[in-house]
Structure formats: structure tokens, C-alpha cells
Number of protein chains: 2
Amino acid sequence: MADVAREAGVSHQTVSRVLNDHPNVRPDTRARVEEAITRLGYRRNLAARALVTKRSRMLGVVSFDTTLYGPASTIYGIEQAARTAGYFVSIVSLKTLDVDSVRDAIDYLSEQGVDGVVVVAPRRSAGPALESLPSGTPAVAVEGTLRGDVSVVCIDQAEGARLATRHLLELGHRTVHHVTGPPDWLETEGRLEGWRAALEEAGRPVPEPLPGDWSPHAGYAAGRSLAAMDGVTAVFAANDQMALGVLRALSEEGVKVPDQISVVGFDDIPESAFFSPPLTTVRQDFDQVGRHCIEVLLRQLDAGAGTCERLVVPPGFVVRSSTAAAARVP
Amino acid sequence: MADVAREAGVSHQTVSRVLNDHPNVRPDTRARVEEAITRLGYRRNLAARALVTKRSRMLGVVSFDTTLYGPASTIYGIEQAARTAGYFVSIVSLKTLDVDSVRDAIDYLSEQGVDGVVVVAPRRSAGPALESLPSGTPAVAVEGTLRGDVSVVCIDQAEGARLATRHLLELGHRTVHHVTGPPDWLETEGRLEGWRAALEEAGRPVPEPLPGDWSPHAGYAAGRSLAAMDGVTAVFAANDQMALGVLRALSEEGVKVPDQISVVGFDDIPESAFFSPPLTTVRQDFDQVGRHCIEVLLRQLDAGAGTCERLVVPPGFVVRSSTAAAARVP
DNA sequence: CTGTTAGCGCATTCAT
DNA sequence: ATGAATGCGCTAACAG
């Protein structure tokens with residue numbers, strides 16, 4: 001910066017003023033400085049700036065398996081919104097979601113001096129880890145913990161599951177079977193709850209849910225079990241990948257979808273429309289979730305960390321060809 | 001840090017030494033300092049450290065659409081390896097991959113003082129953007145540019161395509177049709193080239209490739225065309241999502257896979273094994289690519305930016321049920 | 001082994 | 001409208 005000042009024949013704080021869009025700079029001085037900046041290819045040192053302003057303009061994201069479509073899309077939304085607002089995003093992807101891993105990640109990020117943290121770790125067990133944040137650091141959880149003192153942005157999981165279940169019920173199915181996500185995930189619980197509620201509201205029997213883990217393989221295993229059971233006509237899988245596994249198993253067993261069994265998924269991944277048959281599913285607007293996270297975070301940065309919001313994004317529903325009216329039971 | 005020093009009854013320098021694992025500290029002093037650190041919940045300020053060491057311990061990643069499986073997996077590998085090596089990762093995801101976007105992203109990251117940059121922007125046009133890096137900043141490109149002065153880590157795309165094509169040829173197919181990726185992508189070119197080479201080596205006719213864009217939708221469109229053509233018995237799609245689209249179109253047209261037409265993909269996404277039928281495909285070890293990127297980067301950081309490596313990861317091949325011996329032409 | 005001194009590059013007073 | 005001084009929290013170089 002001193003070089004630029006010398007080049008432009010001004011002091012280095014004038015350069016600083018130009019860089020920060022300070023009003024008190026004569027236009028021609030500003031022009032001279034800007035010219036010197038480009039000529040020298042000068043780039044300011046954000047570490048030094050962070051040191052004095054105590055703002056790093058850096059946001060931290062802690063996420064589980066960023067390879068999955070949901071987290072990846074959410075993070076994409078976060079990154080876009082953050083960059084637009086002039087913030088960097090530093091990401092930590094976790095292999096496991098136990099308290100210690102999350103805590104370590106948060107410690108790690110807070111050493112780096114992030115101005116705020118988004119936690120995409122939708123497991124009940126991850127909640128307490130937020131405590132290791134330096135107090136005053138804004139935080140927002142995606143599909144977050146139920147603790148009252150941290151902001152949450154989420155998609156209404158239960159509502160999505162209800163949409164799926166009702167759709168099936170309205171098609172004339174007597175009941176709906178459910179393949180769940182892994183235990184301890186908040187999405188798993190929300191979807192389970194919405195499914196159960198929809199069934200109970202309609203006065204239908206609630207079959208034992210089949211355990212899954214988000215993977216197509218788990219869906220496949222569940223599909224085999226389903227095919228072997230009597231009277232199954234409708235299945236709601238807790239995500240699209242598992243629905244794919246179900247579809248596959250059913251197809252191998254010679255069960256026609258949707259003629260004999262209807263299948264609904266959750267997520268609306270890009271592939272869903274091209275499954276065999278194209279999948280009816282619940283759509284989540286991950287992008288919007290990401291944007292909301294940043295909005296909430298920035299609001300907290302301005303307002304001081306006191307505020308705490310809860311933003312719920314409604315799910316959508318996409319009807320394709322994997323669902324049909326229940327076969328007439330002879 | 002001064003607080004810790006006071007608490008432990010030492011100078012702040014000694015605290016610094018403890019933090020940096022300096023050898024010259026008596027064990028009991030070290031213990032006292034560490035105890036004070038945990039008691040006070042002290043966290044060092046990495047911005048200040050970066051200011052004086054001129055090392056931010058932060059790596060930048062510029063990537064296109066991190067929502068896609070390939071980039072997402074690569075970044076995951078990068079992040080894991082970087083964190084293990086004690087580096088943070090700051091990510092910029094681009095919506096488009098033109099020179100300006102990439103250049104802006106790189107400018108942005110270099111203001112932040114990243115110690116090195118990984119560019120996951122496998123388009124020919126993205127190459128020149130690397131020039132705007134402050135000279136001396138190590139950089140590595142994934143599937144990178146062909147310029148000689150920047151390190152590259154890549155998967156042997158042409159070899160993968162060759163594997164796929166040969167597999168089909170060995171199954172007795174007279175020739176193999178190809179659905180390409182979008183133009184200007186290096187992967188598109190590599191796969192196209194490998195496919196063509198395998199065909200020519202075997203003295204087979206090279207049909208006009210069908211244009212695609214990685215999306216299942218494009219695969220679907222290509223699949224419709226293919227179904228309408230005569231004598232098509234084998235298709236090599238440039239990625240798994242397009243293969244899925246091809247599968248879907250063929251199924252709608254009543255064409256049996258693999259009985260009438262064999263289909264091969266590229267990537268081995270987690271869903272591939274559960275397509276209808278399970279997809280034969282080329283496997284890419286994205287994780288290893290990510291790890292290699294970090295290794296190369298760190299090596300350049302140590303050695304000075306002079307060195308420039310080129311690391312090629314061999315592709316794998318997974319045979320599943322979407323390919324079979326060519327139907328006997330009557 | 002430990003403490004003292006200096007300065008990294010910037011923004012923020014306060015002068016002028 | 002501009003310049004001079006001060007310090008952010010830390011590490012490096014040198015003393016002791």
C-alpha cells in the first residue's frame with residue numbers, strides 16, 4: 001500500500017480511503033490513486049484489515065457429507081448469497097456427525113475468526129457442539145437443533161411428508177409404507193412424523209416403518225422386503241435415492257410401478273425425472289434455504305447476536321409417473 | 001494472548017512458543033501455559049499470525065457448479081486432505097465458466113491471501129484466467145489447461161473412454177455411438193478422443209456423436225434419436241446422468257437394454273448401480289484427485305512455485321447389467 | 001530455556 | 001481534503 005501511495009504521490013491513508021469508498025477524497029486524487037492501484041496490480045491484505053477491524057468478512061460452514069445432493073445444493077446457495085454480500089465462505093465437511101467432530105470443526109473455524117457460522121448438521125446430537133462458539137458469534141443451523149438460542153432455517157419436513165402421504169391416500173391407497181432415513185437425523189424424524197400424522201388424520205393403519213440410511217442400497221433392501229409383504233400398494237421413501245433403490249428392487253421382483261405399487265420420494269434430485277418410472281417426489285428449495293441462512297446471519301451481525309429467528313421454507317410437490325390410483329383389490 | 005501469559009506467569013512469547021510447538025520450552029512451563037489456555041478458552045487469532053508469517057494457511061478453490069457429483073466429490077477430497085494438512089479451504093462456486101468469472105474468483109481469493117489455489121474449471125476457456133494470480137502463488141488445475149506452466153491433476157479421460165468403447169467392441173458390437181458432454185469442456189474432448197481412438201484402432205466406423213450437456217435431459221433427447229436410428233446396438237454416454245436419460249428414452253420406446261442396445265456411462269455416481277438396468281460405467285476416483293491436488297500444492301509451497309507437475313489418475317471400469325453381447329444381426 | 005524489541009499492513013483517531 | 005501517529009495480535013530475531 002505504501003508503494004501505491006508513493007506512486008500516486010499521496011499518503012497511504014488516502015489510499016486506504018479510496019479503497020474503502022470514503023467520501024472525503026477529491027475526485028482527481030481518487031482517480032490518481034486508482035490508476036496507481038491498477039498499474040501496480042496492488043491487492044489489499046485482508047488479514048491486516050481483519051486484524052484492525054475485528055471483522056474477517058469470512059463465514060464458516062460446517063456440513064456433513066457435501067457429496068450428497070441436499071448439503072451440496074444448500075452450500076451452493078450459501079456461497080452464492082455470501083459472495084454477493086461480500087463474504088468469503090470457509091467450508092469444513094465432516095465424515096461423521098458426532099458432537100466432537102462438530103465441536104472441533106467449530107473450534108477450527110473460530111480460530112480463523114469467522115464472523116458467523118452456518119451448521120448444516122441436521123442431527124440432534126450435533127446441537128450441543130454449538131456451545132463452543134465464542135459467545136457473540138452469530139450462528140444459524142439448517143434443519144437445526146431445537147435449542148431456543150440459535151437461529152434455524154429449515155424446510156418443513158413434516159409438511160412434505162404429509163403432502164406425499166396424502167397424495168397417495170387420495171389416490172385410493174388404504175395405507176402407505178415408509179422407508180426412513182437414518183436414526184437421529186432431524187429430517188428422518190420430521191418425515192416420519194408427517195407421514196404418521198397424515199395416516200392417523202385419515203384414520204388409517206400405521207405400518208411399521210422400514211429403516212434406511214439415505215443410500216440407494218438401503219432402499220433396495222427395503223424394496224425387497226416390501227415386495228415380499230402382502231397388501232403393499234404405496235411406499236413413501238424418505239429420499240429419492242432410496243426411492244431409486246425401491247424402484248430397482250421392485251422391478252427385479254417383477255412388481256410393476258405404479259400399477260401394483262406406487263412410490264414417492266423426497267428431494268427432487270435432478271435424476272428423479274428420469275427414473276423408471278419418473279419419480280413423484282417432494283421438492284426442496286435448497287437454494288432458498290442457503291440464501292435465507294446468509295440473510296439471517298447478516299441480520300444478526302448487524303443487530304448484535306441477540307436476535308434469534310426461525311425461518312421455515314415450504315416444500316413443493318412434483319407429481320410424475322411413479323404414482324397411480326390403487327389397484328382394485330379383488 | 002497477553003491474558004494467557006499473565007495467567008501462566010510467563011511472557012506472551014512463551015505462549016507463542018507453546019502454541020507453535022517450539023522445542024525450547026520446559027515441559028512444566030508448557031503444561032502451565034496449556035492449562036491457562038484451556039482455562040481461559042483462549043483461541044489464537046490467525047489473521048494476526050498470517051499478517052506476520054505471510055502465510056494464511058488458507059487454500060482457495062474455484063469450481064464450477066459444486067452441485068454436480070464430480071466437482072462435489074473432488075472438493076470433498078480436497079477439503080479432507082487440506083484440513084489434515086492444517087489448511088483451511090475457501091470456496092468459490094461459479095455459475096458460468098467464462099474467463100472473466102474465473103479471473104474475478106481468483107482475484108477475490110488472492111485478496112484474501114490464499115497460499116494456493118485449486119481450479120476445478122475444466123474448460124479450455126478458463127485457462128488464461130490463472131494469469132491473474134499473484135506470481136508465485138502455487139496453483140493446480142483439475143483436468144486442467146494444457147498450458148505448460150501450471151500443475152495439473154487429472155483422470156485419464158481418454159483412457160476411460162477407450163475402456164468403455166473397447167468393452168463394447170469386445171462384446172461383439174460393430175460400432176459404438178457416443179453422447180458427448182458440452183463443448184469446450186476438457187472432459188468432453190478427452191472422452192470424445194478416447195472413444196474415437198478405440199473405434200479407429202479397431203478399424204470400425206465412427207458415427208456422428210450426439211451432442212449433450214451432462215444433464216439427464218440431454219441424454220433423454222439423445223436416447224430418442226438413437227431409438228429412431230437403424231443399427232444402433234451400443235451407446236457410450238459421456239456421463240452417468242446422460243446415460244440415465246438414454247436408458248429412460250430407450251425404455252419409453254420399448255427398446256430393451258441390454259438385449260437390443262448396450263449402454264455405458266462415465267463417473268460411477270452412487271445411483272448408477274440402481275438404474276434400470278444397473279449401469280456399466282467408468283469409475284473416477286475423485287477422492288484421490290482431491291488428495292493429489294493438495295499434495296501437489298503443498299509440494300509447490302515448500303519448493304517455491306517453480307515446479308510444475310502433471311499427475312494422471314487412471315480410471316476404473318465397472319461392469320454391471322446395462323451391457324451385453326451384441327444381438328445377432330439376422 | 002525465557003523475556004525484550006520490533007514490525008507485518010491496515011483502519012482509526014486526531015491534526016492540519 | 002489530506003497527512004501523521006497509534007495499535008490490532010502475533011511471530012521472528014536477538015538478548016540474557
Side-chain angles (χ1 to χ4, degrees), chain A residues 1-37 40-58 86 88 107-115 134 136-137, chain B residues 1-37 40-58 86 88 108-115 134 136-137 301:
Chain A
M1 183 147 131
D3 301 338
V4 177
R6 203 174 312 115
E7 179 84 9
V10 296
S11 75
H12 65 122
Q13 22 287 29
T14 302
V15 177
S16 173
R17 286 194 184 97
V18 170
L19 252 24
N20 297 322
D21 283 323
H22 225 76
N24 289 357
V25 180
R26 232 189 311 157
D28 61 320
T29 312
R30 177 182 300 276
R32 233 177 37 252
V33 171
E34 279 168 348
E35 207 251 348
I37 286 177
L40 267 49
Y42 165 80
R43 282 199 242 303
R44 83 176 113 190
N45 181 330
L46 292 188
R49 180 218 269 253
L51 187 58
V52 52
T53 58
K54 283 139 173 12
R55 288 292 195 97
S56 61
R57 298 200 74 82
M58 168 82 95
F88 288 91
D107 274 357
Y108 190 67
L109 287 171
S110 57
E111 273 209 331
Q112 204 198 13
V114 291
D115 292 339
T137 306
Chain B
M1 183 149 131
D3 302 338
V4 176
R6 204 175 312 114
E7 179 84 10
V10 296
S11 76
H12 67 123
Q13 195 49 252
T14 304
V15 178
S16 171
R17 286 195 183 96
V18 170
L19 253 24
N20 296 322
D21 283 324
H22 227 75
N24 289 355
V25 180
R26 231 190 310 157
D28 61 320
T29 310
R30 176 181 300 274
R32 233 175 38 250
V33 171
E34 279 168 347
E35 207 251 350
I37 287 177
L40 267 49
Y42 166 80
R43 282 199 242 302
R44 83 176 114 188
N45 181 330
L46 294 187
R49 180 220 269 255
L51 187 58
V52 51
T53 58
K54 283 142 174 6
R55 288 292 194 94
S56 61
R57 298 201 73 82
M58 170 83 98
F88 288 90
Y108 191 67
L109 287 172
S110 57
E111 271 210 334
Q112 204 198 14
V114 292
D115 292 339
T137 306
L301 270 169

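Computed from heavy atoms alone, side chains included, the values below leave out hydrogens, waters and symmetry copies. Each chain gets a letter, A, B and so on, in the order its sequence line appears, and its residues count up from 1.
- For dT11(D), the OP1/OP2 oxygens have no side-chain nitrogen or oxygen of Lys54(B) closer than 4.0 Å.
- Proximity of Leu46(A) to Arg57(A): side-chain heavy atoms (C-beta onward) are nowhere separated by under 4.5 Å.
- For the side-chain hydrogen bond (donor to acceptor under 3.5 Å, both in side chains) test, residues two or more places apart in sequence or in another chain that qualify with Glu35(A) are Arg39(A).
- Rounded to a whole Å, the CD atom of Gln13(A) is 10 Å from the P atom of dA5(D).
- Minimum heavy-atom separation, Ser11(B) to Ala5(B): C-CB, 3.7 Å.
- Between Thr14(A) and dG3(D) there is a side-chain polar atom (N or O) within less than 4.0 angstrom of OP1 or OP2.
- Listed by chain and number, the residues in a salt bridge (charged side-chain N to carboxylate O under 4.0 Å, His left out) with Glu34(B) amount to none (sequence neighbours excluded).
- Of all the heavy atoms in Ala8(B) and Arg32(B), the pair that sits closest is O-NE, 3.1 Å.
- If you check every strand for non-hydrogen atoms under 4.0 Å, Met1(A) touches sugar and phosphate atoms only.
- Not counting sequence neighbours, the partners of Asp115(A) by the side-chain hydrogen bond (donor to acceptor under 3.5 Å, both in side chains) test are Ser56(A).
- First and last contacts of DNA chain C with chain A, using any nucleotide atom under 4.0 Å from a protein heavy atom and ordered 5' to 3', fall at dG9(C) to dT12(C).
- Atom-to-atom, CG of Leu51(A) to P of dG7(D) comes out at 14 Å; the value is rounded to the nearest Å.
- Scanning for salt bridge (charged side-chain N to carboxylate O under 4.0 Å, His left out) contacts around Arg55(B) gives an empty result, with sequence neighbours left out.
- For Ser110(A), the side-chain hydrogen bond (donor to acceptor under 3.5 Å, both in side chains) partners at least two apart in sequence or on another chain are Arg43(B).
- Side-chain N/O atoms of Tyr42(B) include one lying less than 4.0 angstrom from OP1 or OP2 on dC10(D).
- Among residues two or more places apart in sequence or in another chain, the side-chain contact (heavy atoms from CB on, under 4.5 Å) test is passed with Leu109(B) by Phe88(A), Val62(B), Ser90(B), Val92(B), Gln112(B), Val114(B).
- To the nearest 0.5 angstrom, Lys54(A) atom NZ is 7.5 Å from Asn45(B) atom CG.
- In the region residues 17-28 of chain A, proximity to DNA chain C at under 4.0 angstrom, judged on heavy atoms, holds for Asn20(A).
- For the pair Val4(B) and Val33(B), the tightest heavy-atom approach, listed with the atom from each and the gap, is CG1-O, 4.2 Å.
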For residues 15-28 of chain B, which side-chain N or O atoms pair as donor and acceptor with protein atoms under 3.5 Å away, sequence neighbours left out?
unit_1: Asn20(B); atom_1: OD1; unit_2: Arg44(B); atom_2: NH1; d: 3.1
unit_1: Asn20(B); atom_1: OD1; unit_2: Arg49(B); atom_2: NH2; d: 3.4
unit_1: Asn20(B); atom_1: ND2; unit_2: Ser16(B); atom_2: O; d: 3.2

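- Rounded to 10 degrees, the angle between the two end axes of the helix from dC1(C)-dG16(D) to dT16(C)-dA1(D) is 30°, with five pairs used at each end.
- Less than 4.0 Å separates DNA chain D from at least one heavy atom of each of the following residues of residues 5-12 of chain A: Val10(A), Ser11(A).
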